[in-house]
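Worksheet: one structure, shown below.
Just so we're on the same page: letters track the sequence lines, and every chain starts at 1.
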Amino acid sequence: MAITMGDSVRLRFAPSPTGYLHIGGVRTALFNWLWARRLGGTFVLRIEDTDEARSTEENTQVILRDMRWLGLNWDEGPEVGGDHGPYFQTQRRDLYQKYVDQLVESGKAYRCYATKDELQKARDELKAKDPKAQFKYPGWWRDKGPADWPKDQPYVIRLKVPESGDVTYEDLVFGQQRFPADAMQDFVLIRSTGMPLYNLGCVIDDHTMGISLVARGRDHMINTPLQVLIYQALGFDVPQFAHLPMMLGKKNEKLSKRHGAVSVAEYRKAGFKPDGLLNYLARFGWSHGDQEVFSLDDLIQTFDWAGCNRSDGRFDPNKLLAINFEHLKEDHLTDEATYLKQWAPYVNEAYGEVDEARLAKVMPLIRPRAKTYLEATERVDWLFATELVFEDKSKNKFLTADKAEHLLPLRDLVQAHEPFEATSLEEAVKAWAERDDIKLGAIAQPARVALTGKGASPGLFDVMELLGRETTVARLAAGHALATEG
RNA sequence: GGUCCCAUCGUCUAGCGGUUAGGACACCGGCCUCUCACGCCGGUAACGCGGGUUCGAUUCCCGCUGGGAUCGCCA
C-alpha cells in the first residue's frame, strides 16, 4: 500500500471504561499507535463510555494511567485535548442526535416504538416455532411516519438496512470483504434514552475525528458492514479498516483471568518492562521475518499491516516472560540507568528505601538471572532484607556439622584479607583450596547458604564484596553456629 | 442454526509452486562452572483430511473436518 506521511494519517484507540486495560486491548492500541508513529500521523484516544451501567470514572483513570506506563502516548484525547474533542462519547450526545435526526428526516432511519418486551416475545415465539430460525426485527415501524408516532412514548432509532445486495469493504489484513445485506436487520442506532449505541457513536466519532484507518480486534469484524451502512447513509467517506486476529487463552477460549494476569496493572505489579510486554504483543499476530526481539524504535520502523497474520493465536505467558527477559538483560534494550530507574521502585517497596549505590552494584549480577523486575527484587533479599532468611532445603543440605568445617577458616581468611574485593578474595580462597586440596564447592556451597540463605546466588565473591567485610564475617560465623549447634 | 473469519512443530511464527519445511519459546541432552543463571553446542517436534489445477503442491481452487467471531435499547 502507498505510505503517505502527515496530517491525513489519523488512528485511534477507543476503549470502554467498563473494566481494567486488558492486554488484548493493548495489542490493538499498540498496532494503531505504531502505525501512527511510523507515518508521523496522529494517535487519538477516545473513551467510549456510553454504557452507563458499566462505565466508571475510576476505570477511565486506570486506562489512562496504564497507557502512560506503557508509553503509548496519545496526541489527542483525555487530558491532552485536541481539535476534535470532546473525547468522551457521553459528552458528544448532541452530535449523535444531530446526525440521527438527519437520517430520520431523509428517511434512512426511523423511529421504532417497539418495546423490549414486545421484541422478546417475538423472539420467544419464533424460537418456539422453529428453534433454528434466525430472529430478525420484523420491521413493524419501518414504513411508518410522524403521523403514526404515539405521543410521549419512548422509541429507538433504527437504520433502514437494504433488503438485498452486498456490503463490501477492503480490509488491510483480511482482504476484500463481502456481506449479504439480508443477513442483517434494521439495527438500533440510538437508545430510547438518547444514548447512542456502539456502531453509531463509533462511526460518527471516527468520521468527525478524521480517522483514516480503523484497526481493531476481529471480534468487531461483524460490526464493520453495519458501520459501512451508517457511513453510506450519512454520506461519509468510508475509512480503511484493519482487523486483528484474536488473542485467546490456552484452551482456545477468550483470554480471561483464569489464564493468569490479563490486565496491564497486573503485569506492572509482576515486574514486566513496558517495552518487553509491547514486544511480545507486537509479535502476536504480526511478524517481520524471523526477528523476535524488537526495541520500540525497531517496531516503529518495521511495523506494517502486510506483516499481520489472520489466524487467532493463543497467549503464551512463557514466551512473554522470555521476551521480557531479553529486554532486561540486553544492554542495548535496557541501559543501566533505565534498568535502575525502573527497578528501584520494586526494591524500595520490598525493603524500604535502599542505598542507590549498592543497588547499582548488584544490578549487573542480577540482570542475567531475573526475568522480571520483581524476580530481580526477590533475588537481592540477602543484601537488603533486614533479616537473613534461610531456605530450608539449602540449610538442611549445606549448613550441617560435617559440611561447615571450612566456614570458620574462611571467616578468618576473609577477616584478614586485603583488599576486600571479589577478584582478590577469589584468588586467595582458590589458593587456599588448592594448597589444602579442598574442592572449591566444599567451601563455597556452605558459605553461600551462610551468606545468602540460599543455594543459588550470584558468584560467592561478588556476594562477599557487596555484603562487606563486617557482614560477611558475621554471617559466616553465624552460619557455622547454626550448622553445629543442633 | 444464519452470516463471517481462520487452519505449518505443544505455543508464536518464516514460507508467498521445486526447501534436508527455517527461527523463537517451552522441553530434553551436553559444554562452561563455587551454586543458580547467562553463554555456547546438540536433540525431540509441524504442513488437519479428500479431491482437483500443475511436470511438480505446505504454497492456487473446491469440498469436508476442526476451531473462532457474531446474531442485544453491551462494546
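A/K136 places a side-chain N or O within donor-acceptor distance of the main-chain N or O of A/D182, the cut-off being under 3.5 Å. In terms of modelled atom types and a separation under 3.5 Å, the side chain of A/D130 and the main chain of A/L126 share no donor-acceptor contact.
B/G50 and B/U58 are spaced 16 Å apart, taking the C1' atom of each and rounding to whole Å. Comparing the same atom, C1', in B/C12 and in B/A75 gives a spacing of 28 Å after rounding to whole Å. Using atom P as the reference point in both B/G63 and B/U70, the two lie 25 Å apart (nearest Å). For the P atoms, the distance linking B/A37 with B/A26 amounts to 12 Å, nearest Å. Rounded to whole Å, the P atom of B/A45 lies 14 Å from the corresponding atom of B/G23. As rounded to the nearest Å, B/C47 and B/U19 have C1' atoms that lie 13 Å from one another. Here the separation of B/G22 from B/C16, taken at their P atoms, is 14 Å to the nearest Å. The P atoms of B/C9 and B/G48 are separated by 7 Å, rounded to the nearest whole Å.
Side chains of A/R448 and A/Q445: a donor on one and an acceptor on the other come within 3.5 Å. Between the side chains of A/D171 and A/H243, at least one donor N or O sits under 3.5 Å from an acceptor N or O. Between the side chains of A/Y113 and A/D148, no donor-acceptor pair is found at a separation under 3.5 Å. A side-chain N or O of A/E421 and one of A/T423 form a donor-acceptor pair less than 3.5 Å apart.
Checking B/A37, B/C74, B/U13 against the side-chain heavy atoms of A/R283 singles out B/U13 as nearest. The side chain of A/S287 sits closest to B/A14 out of B/G23, B/C38, B/A14. The side chain of A/L440 approaches B/C34 more closely than any other nucleotide in the set B/C34, B/A69, B/A75. In this structure, of B/G23, B/C5, B/A75, it is B/A75 that holds the atom nearest to the side chain of A/S16. Here B/A69 is the nucleotide among B/A69, B/C74, B/C38 with the atom lying nearest to any side-chain atom of A/I222. The nucleotide whose nearest atom lies closest to any side-chain atom of A/R448 is, among B/C73, B/C6, B/C34, B/C34. When the nucleotides B/A14, B/G68, B/G23 are ranked by their closest atom to the side chain of A/N309, B/A14 comes out on top. Of the candidate nucleotides B/A75, B/C38, B/C5, B/C38 has the atom nearest to the side chain of A/P368. The nucleotide whose nearest atom lies closest to any side-chain atom of A/D316 is, among B/G10, B/C5, B/C36, B/G10. Of the listed nucleotides (B/C34, B/C38, B/C71), B/C71 has the atom at the smallest distance from the side chain of A/Q134.
Of the residues near RNA chain B, A/G313 and A/R369, the one whose nearest nucleotide (by heavy atom distance) lies more toward the 5' end is A/G313. Nearest-nucleotide mapping onto RNA chain B: of A/M221 and A/F284, the residue sitting toward the 5' end is A/M221.
Between the side chain of A/R310 and the base of B/C5 there is no donor-acceptor pair of N/O atoms closer than 3.5 Å.
Rounded to whole angstrom, the span from the CZ atom of A/R379 across to the C1' atom of B/A37 amounts to 7 Å. In this structure, A/N59 atom CG and B/A75 atom P are separated by 15 Å, rounded to whole Å. Rounded to whole Å, the distance from NZ on A/K430 to P on B/U35 is 10 Å. If you measure from atom CG of A/D205 to atom C1' of B/A75, you get 13 Å, rounded to the nearest angstrom. The OH-C1' distance, from A/Y110 to B/C73, rounds to 13 Å in whole Å. Rounding to whole angstrom units, CZ of residue A/R314 and P of B/G68 are separated by 10 Å. Computed from coordinates, the A/M464 CE to B/C34 P distance equals 14 Å when rounded to whole Å. Distance, A/Q291 CD to B/C12 C1': 15 Å, rounded to whole Å.
Put simply, A/K371 has no side-chain N or O that comes within less than 4.0 Å of OP1 or OP2 on B/A37. Distances shorter than 4.0 Å separate some side-chain N or O of A/T50 from OP1 or OP2 on B/A75.
Base pairing of B/G29: its partner is B/C41, meeting the Watson-Crick or G-U wobble criterion (both donor-acceptor distances under 3.5 Å). Under the Watson-Crick or G-U wobble criterion, with both distances below 3.5 Å, B/C49 is paired with B/G63. Applying the Watson-Crick and G-U wobble criteria (two distances, each under 3.5 Å), B/U11 pairs with B/A24. The partner of B/C34 is absent, by the rule that a Watson-Crick or G-U pair needs both atom distances under 3.5 Å. Nucleotide B/C4 is matched to B/G68 when pairs are restricted to Watson-Crick or G-U wobble geometry with both distances under 3.5 angstrom.
Remark: A/K329 qualifies as a cation-pi partner of A/F325 under the 6.0 Å distance and 45° angle criteria applied to the six-membered ring. Judged by a 6.0 Å distance limit and a 45° cone about the ring axis, A/R158 is positioned over the six-membered ring of A/Y137.
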For A/T115 and A/D117, what are the C-alpha separation, side-chain angles and deciding distance, and is it a side chain to side chain donor-acceptor pair (under 3.5 Å)? CA-CA 5 Å; A/T115 64; A/D117 287 346; 5.2 Å; no

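Within residues 179-195 of chain A, the residues having any heavy atom under 4.0 Å from RNA chain B are, by residue number, A/F179, A/P180, A/A183, A/Q185, A/V188, A/R191, A/S192.
Ring to ring, A/W382 and A/F390 are not that close: their centroids are 6.0 angstrom or more apart. A centroid separation of 6.0 Å or more is found between the aromatic rings of A/Y280 and A/F272. When ring centroids are compared, A/Y198 and A/H220 come within the 6.0 Å threshold. Between A/F303 and A/W305, a ring centre-to-centre spacing shorter than 6.0 Å is recorded.
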Please produce a list of atom pairs where a protein N or O lies less than 3.5 Å from an N or O of nucleotides 18-22 of chain B.
from	atom 1	to	atom 2	distance (Å)
B/G22	N2	A/D290	OD1	2.6

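Among the atoms of the strands shown, base atoms are found under 4.0 Å from some heavy atom of A/R54.
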